Each structure stands twice: as C-alpha cells, then as structure tokens.
Peer 1: 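Can you read through this structure? Questions will come right after.
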Amino acid sequence: MASTILVTGGAGFIGSHLVDGLLERGEAVRVLDILDPQVHPSGSLPSYIQGHVDTGRVELHVGDVRDRPTWRKALDGVRVVVHLAAAVGVGQSMYEVARYVEINTQGTAILLDILANEAHRVEKLIVASSMSIYGEGSSTCPECGPFVPEIREEKQLQKGDYEVHCPSCGSLANPAPTPETKPPVPTSVYAVSKRDQEELCLTIGRAYDIPTVALRYFNVYGPRQALTNPYAGVAAIFSSRLLNNNSPLIFEDGDQTRDFIHISDIVQANLLAMDCSEAAGQALNIGTGRPTSVAQLAGHIAQALGSDIAPTVVGKYRSGDIRHCVADISRAREVLGFEPRVPLANGVSDLVDWVRQQEAEDRVDIAARELEQKGLTR
Ligand SMILES: NC(=O)c1ccc[n+]([C@@H]2O[C@H](COP(=O)([O-])OP(=O)(O)OC[C@H]3O[C@@H](n4cnc5c(N)ncnc54)[C@H](O)[C@@H]3O)[C@@H](O)[C@H]2O)c1
Ligand SMILES: [Zn+2]
C-alpha cells in the first residue's frame, strides 16, 4: 500500500470523478469522507463509489477531517493527498461561521500538523482552492486601464446598478481575465476558509519540502453535483428547478458572468498536477477562460432539457456576491500543459442527461428563505 492516493471528500461531486480517473490509471485509492447528509441525504455512499468499494478498488474511511486520529489512519502509507473535503456553500457559510472554519481551516490545519510533526510518506499534496478567494474579478477601465475592483457598495446595488465602475473616473468597467496575481479579496466565510486552506498548505509544503499545489477551481459543473443541496453550484440548482417545473431564480439582472468548467477538465487538471514537479509551491487557476452570463447558463440548461420555462429575474442581490470572474489560465497552460476540453454546450448536455435520471427534490426555496431570514438577500 506504499503508493496509495488519499482523496478526501472522495464521495463528493469532484472527488468521486477524480477517484474514477485515478482508478483508470491503475492507482490504489483511499477515500476519507464523512458522508455529510447535506451532500448525501440518504446517509449512504453514492452507488458509483460503493461499486468501487465492493470490488476492493477503493478503501473507504468514513470519518471527519476535524478528527486527528481519523487523519492519522487515513494517511497511513499514503504517497499523494488530494484534499477536497470541505463544507461547500457560500451563503450558508455566512451564518454557520464556526462550522465552516472548523471543517475547512481547522480540518486542514490538523492534516498539516501531522505532516509537520509525525512520520509519513506524503510526497505530494494537492489542495482544492477556489475562485471565490478573488472576490470581484479583474477589471479594466476604458479610460484609465486595469484596476483591482473593490466589492460593490451596498448603496450602488440598492439602486439596481450592478456593474463594476472605475474607482478613478466612475466609468463602466470591462471585466478582464483574472490572473493568480490578483490580490485575493474574499467576501464570504467560505472564501476566507478556502484562502486559509490554500495558504496553509502552500506554507507547510514549502517549509517541509512537500511539493504542494493549490488548484483554484472556477465554477465546476457536471453529473453527480448534489441536486438536493441548495447551496451547491448554480448549474445544478437551475437544473433541479427546471426539472421540478420551477423557474430558475436569477439574482441581480442575469448579466453577471462566471467561468463554468466541466468536471472532466477538473479531473484532468488534478492528474496533471500530480505528475508535474514544476507546479510545486504554486496556486493555479483552473477554468476555461471563457465568460458565460448566468442568464446564458439558464438558457443553455433549459434548451438541453427541452424546457420552455424562462428564468425569473428576482431583482434582488445577495450580500457579498461578485459581478464577474473569469479565469486567466495562462499559468496552468504553461506549468501543467492544461487545456480545457469540454465546450459549455456539450458539458451542459452531459449534466442534463444525468439530471434527468435523478429525483431532484427542489429545496432551493427553503435555502432562499433561509438567506432572506438572515438578511443576506436584499
Ligand atoms: N464545485 C465547485 O464548483 C467548486 C469550486 C471551487 C472549489 N471547490 C472545492 O472543491 C472541493 C470539492 O467540492 P465538491 O463540489 O465536490 O463538493 P461536495 O460537497 O460534493 O463534496 C465534498 C465532500 O466532502 C465531504 N465532507 C464534508 N465535510 C467533511 C468532513 N468534516 N470530514 C470529511 N469529509 C467531509 C462531504 O461529505 C462531501 O462528500 C471543495 O474543497 C470545494 O471547496 C468546488
Ligand atoms: Zn477610469
């Protein structure tokens, strides 16, 4: 078992696809996952992972990253750690503050404490970071040039003015691809904890000569994304709404843009990072480099589902939301040889094929009410 790869959060959306990718390469895989009921409502292992456990190809450790003995057992004989386990929900993190910090920040700290102080065989650590750490993406003023935008002010949003403006001349700014060098401005507890995870891992990796890479995923979508988790990705949420004959709810005006990347490209990036020694010590954007508006995304999904339900623009905004963020992927291209392969239209039809087979219980209304009660939507 000297060459085991540990995938934390391996029962989750990204983790389970990575496990498949690793098994295809013939790796020995161990999964550490608590099977969080918010992600796994049945409380049991998803069938696609259960199959691998039954055939003995995956060793499953059900446990909590907040627990040191759990980590010790999970790390035994492990050569590579891909740390994906996390509490994942931007809105929810704003009122479950301690839980997010404990699982994400403190959970990672325990892993690193063991790597720093105890015998181990870990030769590579890959940690899942996130585009959310950037806050508002890079921006350029047509008059004054590039600038680092602040989070949009409340009084601007109250007027229904959602776009980013130049801080010097007030002109409407244009979104620009966001490079890794953009200073992070996390705007949620979730984002703060992702930045913590990234910085903690890179710091300890550097100090103890454990090659460590932080992959800053942009907006990942694809099969197996929890449809029942109202805090998950917007593509899953929109699909779930449409399947239940509900209109997808769009905050602001729908022209906000994101960088939607198909899960198979995330797996590809992880496998490349595993093999690449030059990536050590770096944080790398993993996106497509292509902007898509939230309204466009809703249109793509409706089309793929053959639904004529139009999205509802609710005319509200969410505290801490950003307007635009798209990856500059030059560094991942150069260092990893990463090239995203799946165009959005193909990726969305893959998502939708899967969504059709699911019984999506639509809990988005409940989540929206929760945010409203806490005063986080206005
Ligand atoms: N999905 C995205 O768009 C996206 C974007 C950027 C970064 N990420 C990061 O990628 C990683 C994986 O995200 P995902 O979309 O697969 O989420 P997911 O919720 O599908 O998977 C997370 C897994 O972690 C497990 N988990 C939660 N708390 C745990 C704990 N205390 N101990 C052990 N396991 C625990 C859950 O049971 C779940 O199986 C996360 O670190 C997330 O922050 C995801
Ligand atoms: Zn200007």
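These values consider heavy atoms only, across backbone and side chains, with no hydrogens, waters or symmetry-generated copies. In this text the structure is predicted, and so the values were computed from the model without any measurement.
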Peer 1: Between K159 and D161, does any NZ, NE, NH1 or NH2 come within less than 4.0 Å of an OD or OE carboxylate oxygen?
Peer 2: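 Salt bridge absent between D161 and K159.
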
Peer 1: Using only atom types and a distance under 3.5 Å, with no angle test, would you say the side chain of S247 pairs donor to acceptor with the backbone of A310?
Peer 2: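 Indeed, once roles are kept as given, a pair shorter than 3.5 Å links the two residues.
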
Peer 1: Could you tell me if E154 and Y317 have a donor-acceptor pair between their side chains, going purely by distance under 3.5 Å?
Peer 2: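 Yes, side-chain donor-acceptor contact under 3.5 Å.
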
Peer 1: If we ignore hydrogens and angles and just use 3.5 Å, is the side chain of T178 paired with the main-chain N or O of G137 as donor and acceptor?
Peer 2: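 Not a single qualifying donor-acceptor pair exists.
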
Peer 1: What are the two closest non-hydrogen atoms of A86 and K194, and how far apart are they?
Peer 2: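 What the structure gives for the nearest pair is CB-NZ, 4.0 Å.
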
Peer 1: Would you say H300 and L344 make side-chain contact, with heavy atoms under 4.5 Å?
Peer 2: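 They are in contact (side-chain heavy atoms under 4.5 Å apart), so the answer is yes.
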
Peer 1: Between R30 and T4, is the side chain to side chain donor-acceptor pair (under 3.5 Å) condition met? List the steps.
Peer 2: CA-CA 7 Å; R30 182 179 296 158; T4 303; 4.5 Å; no

Peer 1: Test side chain to side chain contact (heavy atoms under 4.5 Å, CB included) on I286 and F338 and set out the steps.
Peer 2: CA-CA 8 Å; I286 306 297; F338 171 72; 3.8 Å; yes

Peer 1: For A85, is there any backbone N or O sitting under 3.5 Å from a side-chain donor or acceptor partner on T8?
Peer 2: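 At least one qualifying donor-acceptor pair exists.
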
Peer 1: Are there more than 12 heavy atoms of other residues, nucleotides or ligands under 6.0 Å from atom CD of E118?
Peer 2: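 Yes - once you tally the heavy atoms of other residues, nucleotides and ligands closer than 6.0 Å, there are more than 12.
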
Peer 1: Tell me, yes or no, whether the heavy-atom count around N117 atom CG, taken from other residues, nucleotides or ligands under 6.0 Å, exceeds 12.
Peer 2: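 Yes, the 6.0 Å shell around CG holds more than 12 heavy atoms from other groups.
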
Peer 1: If you measure from CG on L111 to CG on L200, what distance do you get to the nearest 0.5 Å?
Peer 2: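 One finds 10.0 Å between CG of L111 and CG of L200.
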
Peer 1: Begin with the C-alpha distance, continue with both residues' side-chain angles, and end with the deciding distance and a verdict on side chain to side chain contact (heavy atoms under 4.5 Å, CB included) for F251 and Y162.
Peer 2: CA-CA 10 Å; F251 290 101; Y162 301 127; over 6 Å; no

Peer 1: Under 4.5 Å between side-chain heavy atoms, hopping through other hydrophobics if needed: is there a path connecting V58 to V267?
Peer 2: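 Same cluster.
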
Peer 1: After noting the C-alpha distance and the side-chain angles of R99 and R66, does the key distance pass the side chain to side chain contact (heavy atoms under 4.5 Å, CB included) rule?
Peer 2: CA-CA 10 Å; R99 190 169 77 89; R66 290 168 287 188; 4.2 Å; yes

Peer 1: Which heavy atom of S193 sits nearest a heavy atom of N104, and at what distance?
Peer 2: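 Nearest pair, atom of S193 first, then N104: OG-ND2, 3.0 Å.
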
Peer 1: I'd like to check the side-chain contact (heavy atoms from CB on, under 4.5 Å) partners of S330; sequence neighbours left out, ordered by chain and number.
Peer 2: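 In terms of side-chain contact (heavy atoms from CB on, under 4.5 Å), with neighbours along the sequence ignored, S330 is linked to D328.
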
Peer 1: So, do V39 and F13 sit near enough that their side-chain heavy atoms are less than 4.5 Å apart?
Peer 2: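 Contact flag for V39/F13 side chains = no.
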
Peer 1: Membership question, hydrophobic clusters at under 4.5 Å side-chain separation (ILVMFWY): are M131 and V326 in the same one?
Peer 2: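 Looking at the clustering, M131 is in a separate group from V326.
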
Peer 1: For residues V335 and V127: do they belong to one hydrophobic cluster (side chain heavy atoms under 4.5 Å, members Ile, Leu, Val, Met, Phe, Trp, Tyr)?
Peer 2: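 Cluster IDs for V335 and V127 differ.
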
Peer 1: Hey, any chance V101 and V90 share a hydrophobic cluster, counting ILVMFWY side chains that come within less than 4.5 Å of each other, even indirectly?
Peer 2: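 Yes, V101 and V90 fall within the same hydrophobic cluster.
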
Peer 1: Which atoms form the tightest heavy-atom contact between R79 and S3, and what is the distance?
Peer 2: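 Minimum heavy-atom contact is NE-CB, 3.6 Å.
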
Peer 1: Any chance CD of Q303 has more than 12 other-residue heavy atoms, nucleotides or ligands included, within less than 6.0 Å?
Peer 2: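 No, because the 6.0 Å sphere around CD of Q303 holds 12 heavy atoms or fewer from other groups.
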
Peer 1: Would you please name every residue forming a ring-ring contact (aromatic ring centres under 6.0 Å, His included) with H324, sequence neighbours left out?
Peer 2: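 Result, ring-ring contact (aromatic ring centres under 6.0 Å, His included) vs H324: none returned.
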
Peer 1: For Q50, is the CD atom crowded, meaning more than 12 foreign heavy atoms sit under 6.0 Å from it?
Peer 2: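 For Q50, atom CD is crowded (more than 12 foreign heavy atoms under 6.0 Å).
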
Peer 1: Looking only at side-chain N and O atoms, does Q158 offer a donor or acceptor that is under 3.5 Å from a partner on K155?
Peer 2: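 Side-chain D/A pair, K155 to Q158: absent.
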
Peer 1: R206: which residues meet the side-chain contact (heavy atoms from CB on, under 4.5 Å) condition with it, sequence neighbours left out?
Peer 2: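 Partners of R206 under the side-chain contact (heavy atoms from CB on, under 4.5 Å) test: L202.
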
Peer 1: Can you name the closest pair of heavy atoms from G12 and D33 and give their distance?
Peer 2: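 Heavy atoms of G12 and D33 come nearest at N-OD2, 3.7 Å.
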
Peer 1: Is there a continuous path of hydrophobic side-chain contacts, each under 4.5 Å between heavy atoms, that joins L272 to I126?
Peer 2: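 Looking at the clustering, I126 is in the same group as L272.
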
Peer 1: Report the C-alpha separation of C141 and C169 in whole Å, then their side-chain angles, then the decisive distance to 0.1 Å, and conclude whether the side chain to side chain contact (heavy atoms under 4.5 Å, CB included) test is met.
Peer 2: CA-CA 9 Å; C141 171; C169 73; 3.6 Å; yes

Peer 1: Go through the side-chain N and O atoms of E180 and Q282 and say whether any donor and acceptor fall under 3.5 Å apart.
Peer 2: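 Short answer, no.
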
Peer 1: Going by side chain to side chain contact (heavy atoms under 4.5 Å, CB included), Y217 matches just one of D265, N270, I261. Which one?
Peer 2: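 In the set D265, N270, I261, the residue that makes a side chain to side chain contact (heavy atoms under 4.5 Å, CB included) with Y217 is N270.
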
Peer 1: Shortest non-hydrogen contact from V53 to L60?
Peer 2: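 Scanning both residues completely, I find the closest heavy atoms to be CG2-CB, 4.0 Å.
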
Peer 1: Looking at every non-hydrogen atom in both residues, tell me the closest pair between S264 and V342 and how far apart they are.
Peer 2: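 Closest pair (atom of S264, atom of V342, distance): OG-CG2, 3.3 Å.
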
Peer 1: Once you round to the nearest 0.5 Å, how far does CD1 of I322 lie from OG1 of T187?
Peer 2: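 If we round to the nearest 0.5 Å, I322:CD1 and T187:OG1 are 7.0 Å apart.
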
Peer 1: Does any pair with a residue in residues 243-261 pass salt bridge (charged side-chain N to carboxylate O under 4.0 Å, His left out), and if so which ones, sequence neighbours excluded?
Peer 2: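 Counting only pairs at least two positions apart or across chains, the salt bridge (charged side-chain N to carboxylate O under 4.0 Å, His left out) contacts touching residues 243-261 are R152-E252, E252-R323, D253-R323.
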
Peer 1: Among H61, H120, H83, whose ring pair (Phe, Tyr, Trp, His ring centres under 6.0 Å) with W71 holds?
Peer 2: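 For W71, the ring pair (Phe, Tyr, Trp, His ring centres under 6.0 Å) check succeeds only for H83.
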
Peer 1: Report the C-alpha distance between Q92 and Y100 in whole Å, list the side-chain angles of each, state the deciding distance to 0.1 Å, and finish with yes or no for side chain to side chain donor-acceptor pair (under 3.5 Å).
Peer 2: CA-CA 9 Å; Q92 191 178 39; Y100 272 73; 2.8 Å; yes

Peer 1: What pairs with D113 under salt bridge (charged side-chain N to carboxylate O under 4.0 Å, His left out), at least two apart in sequence or on another chain?
Peer 2: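 Only R68 meet the salt bridge (charged side-chain N to carboxylate O under 4.0 Å, His left out) criterion with D113.
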
Peer 1: Do other residues, nucleotides or ligands put more than 12 heavy atoms under 6.0 Å from the CD atom of E339?
Peer 2: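 Yes.
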
Peer 1: Under the side-chain contact (heavy atoms from CB on, under 4.5 Å) test, which residues partner V80, sequence neighbours left out?
Peer 2: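 So V80 forms a side-chain contact (heavy atoms from CB on, under 4.5 Å) with I5, V82, K124, M274.
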
